[in-house]
Amino acid sequence: MSDDDIEMLMRQPWTMASSDGGLSLPGPSRPHPRGNGAIARRLARYVRERGVLSLEQAVRGMTSLPAQVFGLTDRGELRVGALADVAIFDPAKVQDRATYQDPHQLADGIDWVLVNGQIARREGEYTGARAGRILRR
């Protein structure tokens, strides 16, 4: 598939962002870099650098669209009553850093993350909060 084909598909309103990379703790394992870089790459390369998507289109494809498709009624939107899973990022600085040689590198520019309303990452540092849980319809 060509880059033009990929970009055309990314523009479709039904296209969601994801990664098929598995979870892997830092250490000797060598997972695919997409596990730590897929979302940041979408924001950096396809929104900021190439203009394939607007920021709003990209965020929708990572938040409310997947929540809607998978029937997660209290996720994917910032609204009263919804569970707060929020990543606060700087669109001008977000950048994937994971490589095949060093796949455990976290993305730049995503310095705050809230999971179920609890701060999990503050100013680039993990807080130790473990508020995540398995989601079911």
Side-chain angles (χ1 to χ4, degrees):
M1 186 175 286
S2 73
D3 284 350
D4 288 341
D5 291 335
I6 291 168
E7 291 178 5
M8 186 270 308
L9 287 172
M10 290 179 94
R11 288 186 186 100
Q12 301 308 310
W14 40 260
T15 300
M16 296 181 283
S18 68
S19 170
D20 61 353
L23 296 175
S24 177
L25 292 174
S29 66
R30 295 260 187 232
H32 195 285
R34 68 179 156 240
N36 282 320
I39 298 301
R41 176 167 290 223
R42 183 177 178 97
L43 293 169
R45 180 174 290 179
Y46 296 103
V47 173
R48 186 181 64 233
E49 295 169 11
R50 295 188 182 174
V52 173
L53 299 167
S54 69
L55 181 58
E56 294 80 8
Q57 287 171 307
V59 169
R60 177 183 172 269
M62 296 182 248
T63 58
S64 63
L65 181 60
Q68 178 186 11
V69 168
F70 292 109
L72 304 172
T73 56
D74 292 332
R75 304 275 176 174
E77 297 178 335
L78 293 176
R79 62 174 165 74
V80 174
L83 298 169
D85 292 333
V86 180
I88 302 169
F89 63 93
D90 183 340
K93 293 182 181 175
V94 69
Q95 185 67 51
D96 59 311
R97 294 180 37 222
T99 65
Y100 287 102
Q101 294 76 28
D102 197 357
H104 295 290
Q105 294 299 304
L106 298 179
D108 287 332
I110 305 172
D111 293 328
W112 288 78
V113 177
L114 287 81
V115 177
N116 286 325
Q118 294 185 31
I119 299 173
R121 189 167 165 88
R122 175 189 297 119
E123 296 180 2
E125 300 294 325
Y126 288 105
T127 65
R130 299 174 62 95
R133 61 184 173 95
I134 295 173
L135 300 179
R136 302 194 193 293
R137 274 186 218 215

Determine the minimum heavy-atom distance between [X] and [Y], stating which atoms define it.
X: H32; Y: Y100; answer: NE2-OH, 3.0 Å
X: P103; Y: P31; answer: CB-O, 3.2 Å
X: A120; Y: A129; answer: CA-CB, 4.3 Å

Just to verify, what does [X] make a side chain to side chain donor-acceptor pair (under 3.5 Å) with, not counting sequence neighbours?
X: S29; result: S24, H104
X: D111; result: none
X: D3; result: none
X: D108; result: R97

Sequence neighbours excluded - salt bridge (Lys or Arg N to Asp or Glu O under 4.0 Å) pairs with any residue from [range]:
range: residues 39-68; value: E7-R50, R41-D96
range: residues 65-78; value: R75-D85, E77-R79
range: residues 112-124; value: none

Got a sec, which hydrophobics cluster with [X], joining ILVMFWY side chains under 4.5 Å apart, including via others?
X: L114; result: L78, V86, I88, W112, I119
X: I6; result: M1, M8, L9, M10, W14, I39, L43, Y46, V47, V52, L53, L55, V59, M62, F89, V94, I110, V113, V115
X: L135; result: M16, L65, V69, F70, L72

Who pairs with T99 by side-chain contact (heavy atoms from CB on, under 4.5 Å), at least two apart in sequence or on another chain? Q101, D102
Heavy-atom neighbours of Q12 CD exceed 12 at 6.0 Å: yes
